[in-house]
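Presented below is the structure to which this report refers.
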Amino acid sequence: MAAAARFPKSVRLRRRAEFLKLQEGKQSVQVSAACLLALALPNGRETARLGLTVSSKVGNAVTRNRIRRHLREWFRTHIEELPKGHDVVIIARSSAAAASGEELGSAFARAASLLKKKVGA
RNA sequence: GGAGCAGCCUGGAUGCACGCCGGCCAUUGCAGGACGGGGUGGCGGGAGGAAAGUCCGGGCUCCACAGGGCAAGGUGCUGGCUAACGGCCAGUCGCAGCGAUGCGCAGGAAAGUGCCACAGAAAACAGACCGCCUCCCGGGCAACCGGGCGGUAAGGGUGAAACGGUGCGGUAAGAGCGCACCGCGCACGGCGUGAGUCGGGCGGCACGGCAAACCCCACCUGGAGCAAGAGCCAAUAGGGGAGCAUGACUGGCCCGGUCGCUCCCGGGUAGCUCGCUGGAGCCUGCAGGCAACUGCAGGCCUAGAUGAAUGUGCGUCGCCCGCCGCAAGGCGGGGACAGGACCCGGCUUACAGGGCUGCUCCGGUU
RNA sequence: GGUCCCGUAGCUCAGCUGGAUAGAGUACUGGCCUCCGAAGCCAGGGGUCGCGCGUUCGAAUCGCGCCGGGAUCG
């Protein structure tokens, strides 16, 4: 199971066009959980891919990095809870600045289960 | 011991597991082979004193190689340091403080223009409202009153500021009218590279303030920015329509220079690589200098990402706080400001806690 | 990386250039009007002029340094 807990570049969104496809595409599934906003869209691959959006309105660079790293850590350890073969974009709201690492993880978990339900249904 | 001033340093340490970024080596396999990309393994590397704000200065790159004039902007006591600076060091002067020290856009107001509300007679070539005084005329016994020609600016009151201040002499009353001291100005001499300072002398006072008002003087500045710019890259097109050519571009304008230009349709502007980290570099020693800093010698290599890495979890030790305990100790909690994006030199701002050095004042003891 | 703007009463703004009264609308309070309310009329309260330092006799205004908010270009 070591391979499942890794986070190489192949499971990340790395192009602006890929983000825009989810944010502006009408086919993407949208879900809200606590301080997070989640978007999902089938990507034609076997695994899920993650993209994170934490704008400068959330906080300074240290705060944004902390949020990004916690969300990435949860994705790395819980990738099987996400819908397979989908690109997932997580957008942090400004309230995420006050959330702890555990709160961010549980928010991500709720968003993931909601997404799975919506996509599977 | 207390109060304070200045400068500097530090910004937790360490173990295990799972990860991330890039480097080197090995291996696998796509491939005819190499290069290159992918997978796997090993080795060692991976945020700051401010990385921040973007307030200045430079390197570097490109532009029509930056030439002249005007304009615009900046700097502004002196000397030095520096690649350069609005920075730093050492001094001068002024202000604050008992002091150590701190702060200061600190040139020019007899080049010109402008402004100085209210109050006050008058606010900047001076003049005279209430006053003071000699003389003359009139009245009155007189004290004095009224008027006039003059002389004054001491006193009054206003103001932030009233054309040197205080004292003595002097005078009809007064006045730098004269003298002493202080202030101011001028030239001279000593010291200093200089800003200045010290000294004695002379002048009788002229020159109100504001230049963080316009301005004058001296000095400085070409523009844009690594999304600069270059390569893979060969074409950088070519076509149709309309308009202007007294046109357009080059940093604002002119000279100078360059070219046809602009708009619409259509097409394209994707991606990767380089730039990209070895540099005004860091450490140590010696030498010069009050210092900033510089020179020489030796040693060292210390992030290079690009939807953007340096993380998460569990421990141990150390620091701080609270509670329990006589104590050893136990339990719980806390650990700031903040994250590279081409690179340096400064400035400014934020910051839990800890440490070092020098100095000042006050008190006590010997 | 570059450039620009704003901050004044609870809210929206003027005053700043060219220095000397801090004002307007709205909201709030009280009164008048009305049977009551709205509208209208009258009166009143409410201001560290974002912060600090400076220049000046005097600073919302001028200078410098910050803080906060926003816009824009590539």
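First the proteins, then the strands, lettered A, B, ... as listed; each starts at 1. Model, not experiment: these values are computed from the prediction. Atoms considered below: every heavy atom in the structure, side chains included; atoms not considered: hydrogens, waters and symmetry mates.
Using C1' as the reference atom, G295(B) and G257(B) are 48 Å apart when rounded to the nearest Å. Across G209(B) and A109(B), the matching P atoms stand 9 Å from one another, rounded to whole Å. A distance of about 14 Å separates the P atoms of G23(C) and A9(C), rounded to the whole Å. Here the separation of G120(B) from C133(B), taken at their P atoms, is 27 Å to the nearest Å. Comparing the P positions of G41(B) and A17(B) gives an interatomic distance of 14 Å, to the nearest angstrom. Atom C1' of G58(C) sits at a distance of 7 Å from the matching atom of A20(C), rounded to the whole Å. Atom C1' of A180(B) sits at a distance of 15 Å from the matching atom of G170(B), rounded to the whole Å. Rounded to whole Å, the separation between the P atoms of U101(B) and C85(B) comes to 30 Å.
Between Ala38(A) and Ile90(A), the shortest heavy-atom distance links the atoms CB-CD1, 3.7 Å. Between Leu36(A) and Leu104(A), the closest heavy-atom pair is CD1-O, 4.2 Å. Nearest heavy-atom pair across Pro83(A) and Ala48(A) is O-CB, 3.6 Å.
Figure legend. C326(B) is base-paired to no nucleotide; pairs are counted as Watson-Crick or G-U wobble with both atom distances under 3.5 Å. Across all strands shown, G243(B) is found opposite C261(B) as a Watson-Crick or G-U wobble partner, with both distances under 3.5 Å. The partner of U34(C) is absent, by the rule that a Watson-Crick or G-U pair needs both atom distances under 3.5 Å. Of all nucleotides present, none satisfies the Watson-Crick or G-U wobble test against G335(B) with each distance under 3.5 Å. Within the shown strands, C130(B) is the pairing partner of G155(B) under the Watson-Crick or G-U definition, both distances less than 3.5 Å. The partner of G25(C) is C11(C), by the rule that a Watson-Crick or G-U pair needs both atom distances under 3.5 Å. Look at G178(B): its Watson-Crick or wobble partner, with both distances under 3.5 angstrom, is C168(B). Nucleotide A17(B) is matched to U312(B) when pairs are restricted to Watson-Crick or G-U wobble geometry with both distances under 3.5 angstrom.
For Arg68(A), the CZ atom is densely surrounded, since the number of other residues' heavy atoms within 6.0 Å is greater than 12.
Rounded to whole Å, atom C1' of G19(B) lies 14 Å from atom NE2 of His78(A). Between the CG atom of Leu50(A) and the C1' atom of G19(B) there is a distance of 14 Å, given to the nearest Å.
In this structure, U54(B) is classed as anti because its glycosidic torsion departs from zero by more than 90°. Applying the 90° criterion around 0 to the glycosidic angle, A172(B) comes out anti. With a glycosidic angle no further than 90° from 0, G49(B) counts as syn.
Relative orientation of the Phe7(A) and Phe75(A) rings is perpendicular, given thresholds of 30° and 60° on the angle between their planes.
Listed for the Arg49(A) side chain is no donor-acceptor partner under 3.5 Å among the backbone atoms of Asp87(A). Looking only at distances, a side-chain donor or acceptor of Arg66(A) sits under 3.5 Å from a matching main-chain atom of Ala97(A). Side-chain atoms of Arg12(A) never come within 3.5 Å of backbone atoms of Leu52(A) as a donor-acceptor pair (strictly under, hydrogens ignored).
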**Message:** Output one letter per nucleotide in nucleotides 307-313 of chain B: B when a protein non-hydrogen atom lies under 4.0 Å from the base, S when only the sugar-phosphate is that close, - when neither is.
**Reply:** BSSSBS-
